[in-house]
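First up is the structure itself, then whatever we jot down about it.
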Amino acid sequence: MDHLSRARIARRANARRLYVLYVALSGIIAAQPMQAQSTVGSIQFNPQTKVFRIEAGDVSYVLGINEKKQVQSLYWGERLNAEDSFATAISNAQASSFDLAINTTRQEFTGWGGGLYGEPDLKITFPDGNRDLVLEYVSHSITGNDLTLRLKDVSRNVYVQLNYEMDSATGILRRSAEVENKTMFPLTIEQIASGTWTLPREQDYRLRYLTGRWAGEWNLREQSIQPGKIVLESRRGSTGAQNNPWFAIDKEGANDEDSGDVWFGALGWSGSWQISVEQDPVQQVRVTGGPNSFDFAYRLNPGEHLETPYFYAGYSHDGVGGASRLLHRFELGSILPNTRRPKLRPVIYNSWEATGFRVDEAGQEELAEKAASIGVERFVVDDGWFGERSNDHAGLGDWHVNFTKFPHGLKPLIDKVHSLGMDFGLWVEPEMVNPDSDLYRKHPDWILNFPGRPRTEARNQLVLNLARPDVRQYVFDSIDQLLNKNDIAFLKWDYNRNWSEPGWAVVAPEEQKEVYINYVRSLYSILDELRRKHPLVEIESCSGGGSRVDLGIMRYTDDVWPSDNTDAFDRLSIQDGFTYAYSPGIMTSWVTDSPTWVNNRTLSLEYRFLSSMQGSLGIGANLNHWKSEDFATAKRMVAQYKEIRELVQRGALYRLISPRNGSEHSVTETVSPDQKSAVTFAFLHSSTMLYPFPRIYLRGLKPDAMYRLEEISGKTDTATPVVASGAFWMDHGVDLNLKGDFQAAAFMLKEGSK
Ligand code: DGJ
């Protein structure tokens with residue numbers, strides 16, 4: 001079968017599957033859009049075979065207790081028939097004196113001990129020097145969609161609890177592990193993972209992962225999985241952009257974007273992390289993830305627990321596109337703080353690229369008036385409003401209004417913004433301090449550092465040690481007071497450097513490396529407490545762009561800033577990479593000036609809008625430089641965006657043509673959950689050799705329903721029918737008349753023939 005027919009069959013199968021799912025869930029969706037509900041999930045235990053079956057969505061996850069009392073993975077993939085049975089798990093035989101059984105038995109969670117050479121989930125040093133840990137199943141409990149397995153070391157009172165929670169709607173599993181020290185002595189955890197995922201035995205796996213750097217985040221890369229280990233990680237103290245804690249594995253050569261088996265996962269952790277993908281001596285692939293073990297130690301005193309971050313993973317039979325769509329639904333339905341009352345992202349204006357640090361009352365009011373005139377709903381003042389901040393050398397840490405710039409505080413500006421019908425947002429970077437600040441002059445010891453050693457500055461700033469209770473309190477109080485004193489609807493929470501010299505001098509040397517855990521927990525607790533005290537305030541996670549985007553921070557934030565690179569063409573690749581792991585519904589995207597500061601590239605305003613309209617739309621241009629026709633275009637595009645916003649932010653995304661690898665084209669389509677409407681964005685880099693723009697084959701529509709095509713930015717070929725069936729749009733496709741350099745088009749399909 002040729003590639004095209006396979007793709008068509010996949011398109012139809014996807015569309016049918018989506019529709020069946022929609023019909024099954026439509027009652028729920030109507031009541032509470034995107035909310036995960038326990039409709040089709042179950043956890044079964046067979047006491048005879050000691051086999052657990054966790055099933056939800058289209059997924060079965062099966063594990064068993066083998067004769068060595070190890071927790072063994074038995075199956076993870078497409079949902080099986082309820083009648084299918086599994087025999088009791090049996091550990092692998094020792095293949096040779098070099099390949100001990102512990103290395104080839106597919107365990108869910110291994111202690112380092114008993115001759116394990118692969119990546120352990122847990123490595124402990126006991127005070128007597130013993131470093132051997134052999135975990136055995138003790139008991140379990142099942143409550144609703146949660147399974148808890150309790151393990152214990154063969155001789156010492158170290159317990160490990162493995163927690164599994166299945167999301168009924170998507171089949172995505174959430175795992176964590178909790179270690180409890182019930183011995184009489186402190187022990188040191190040197191490595192701890194949330195768990196290990198084992199894939200079905202296959203030789204031709206391909207790993208996809210995300211990599212990048214400042215202003216160049218979200219590059220999708222792939223490599224085949226060979227014997228040995230691939231490590232994705234951050235040692236930076238926070239998530240980082242060099243790798244993002246997400247992976248997807250499929251079968252090389254057998255998959256395309258929307259068909260084939262894919263196993264994928266993401267860590268919910270905003271500190272240093274690692275995910276290792278390892279092929280063992282008998283060609284089994286395992287994925288182990290959790291906090292990074294580099295420079296790590298955690299002292300666990302008698303009676304204490306340590307719970308890992310969550311590691312989420314899922315399976316899709318609809319290619320990496322299907323995997324992304326499951327993740328998007330899961331994030332919107334189960335991760336974001338407002339899952340119970342999902343809110344669409346407003347259209348924002350942000351001052352950063354227009355005024356930099358030169359923010360003041362009159363200038364911001366002028367911008368606010370212009371922003372309101374094009375339909376902006378939220379006005380955000382970025383960096384520069386506080387302390388002695390006139391550039392990046394001073395002010396961080398002093399979270400009081402700069403009275404030279406705002407002589408009467410922020411109130412007059414906020415009132416003005418409200419009077420224009422917008423709400424008000426403010427930039428903060430609470431975890432940082434400039435040495436030139438009152439805070440640092442008062443508390444030079446509050447930063448991460450090794451006393452007497454150099455303190456490396458980046459962007460002239462140092463990192464406050466949030467693991468310290470006094471620092472945590474200061475940070476919380478500063479932001480709390482800011483929110484108490486001002487009517488602020490939104491905080492852009494920035495973080496503009498990574499760690500260096502991560503010393504924590506005031507605690508005992510054997511506890512200092514706990515900073516990797518305690519800092520992040522403290523950050524989460526600040527965000528959590530702020531959210532509880534100020535439930536209407538929304539928060540954006542920004543880290544000089546997309547350096548802190550992960551499922552951990554996402555539990556406390558409403559959207560993210562994916563990159564400081566706002567060039568609308570570069571942004572197509574950035575957004576493409578971003579959506580492999582994260583929902584376009586949280587992806588803030590600004591329309592900025594042209595030529596861009598990034599590449600000095602000139603792009604039409606309409607092109608810039610269409611690029612940004614694929615996420616959560618914002619405007620970051622200097623409106624003082626706009627002509628009246630720019631305002632007219634912007635007003636029209638903002639109004640168009642509001643029409644399609646729910647679709648873009650909540651729909652199912654299909655990456656039809658990827659802008660990666662020097663592609664001349666980029667096309668995305670988003671289909672509404674009820675499959676009644678779809679929006680398509682298409683971009684041409686540069687025409688060459690008279691080649692036409694590739695025909696666009698839509699996906700995810702109902703084959704038998706009729707859809708009407710409506711132009712947003714009209715470029716469809718004159719032969720295109722106005723009304724045609726879903727089958728026509730998917731199988732015949734749409735031709736666009738895009739020619740030239742940096743051209744863009746967008747159109748909608750709406751069910752109905754009128
Ligand atoms: C980095 C952010 O990514 C930018 O959008 C802007 O907020 C600057 N920081 C301000 O310092």
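Whatever order the structure lists ligands and atoms in, that order sets their numbers, starting from 1.
For the ligand labelled ligand 1, residue Arg459 lies inside the 4.0 Å heavy-atom shell.
Here is the list of ligand 1 atoms found below 4.0 Å of a heavy atom in Asp383: 10 (C), 11 (O). Remark: ligand 1 atoms within the under-4.0 Å shell around heavy atoms of Cys542 are 2 (C), 3 (O).
Cation-pi check for Arg221 over Tyr209 is not met; the charged atom does not lie both under 6.0 angstrom from the ring centroid and within 45 degrees of its normal. Figure legend: Arg655 and Tyr580 shown as a cation-pi pair, the cationic atom lying under 6.0 angstrom from the six-membered ring centre and within 45 degrees of its axis. Within the cation-pi definition used here (under 6.0 Å to the ring centroid, within 45° of the axis), Lys492 qualifies as a partner of Trp561.
Two rings, from Tyr349 and Trp590, have their centers 6.0 Å or more apart.
In terms of protein heavy-atom proximity, atom 6 (C) of ligand 1 is nearest to Asp382 OD1, 3.4 Å. Considering only non-hydrogen protein atoms, atom 5 (O) of ligand 1 sits nearest to Lys492 NZ, 2.7 Å. Nearest protein neighbour of atom 1 (C) of ligand 1, counting heavy atoms only, is Asp494 OD2, 3.0 Å.
Annotation: Trp590 places no N or O atom under 3.5 Å from an N or O atom of ligand 1; distance criterion only. Checked against a 3.5 angstrom limit, the closest N/O atoms of Trp352 and ligand 1 fall outside it. The shortest N or O to N or O distance between Asp564 and ligand 1 is below 3.5 Å. Distances between N or O atoms of Gly545 and those of ligand 1 include at least one value under 3.5 Å.
The pair Asp445-Arg468 meets the salt-bridge criterion, since a charged nitrogen lies less than 4.0 angstrom from a carboxylate oxygen.
With no hydrogens or angles considered, a side-chain donor-acceptor pair links Arg497 and Ser500 at under 3.5 Å. For the residue pair Asn219 / Thr211, no side-chain donor-acceptor distance below 3.5 Å is found, with atom types taken as modelled. Looking at Ser713 and Glu606, their side chains do bring a donor and an acceptor atom within 3.5 Å of each other.
When heavy-atom distances to ligand 1 are checked against a 4.0 Å cut-off, Asp392 has no atom that comes that close, whether in backbone or side chain.
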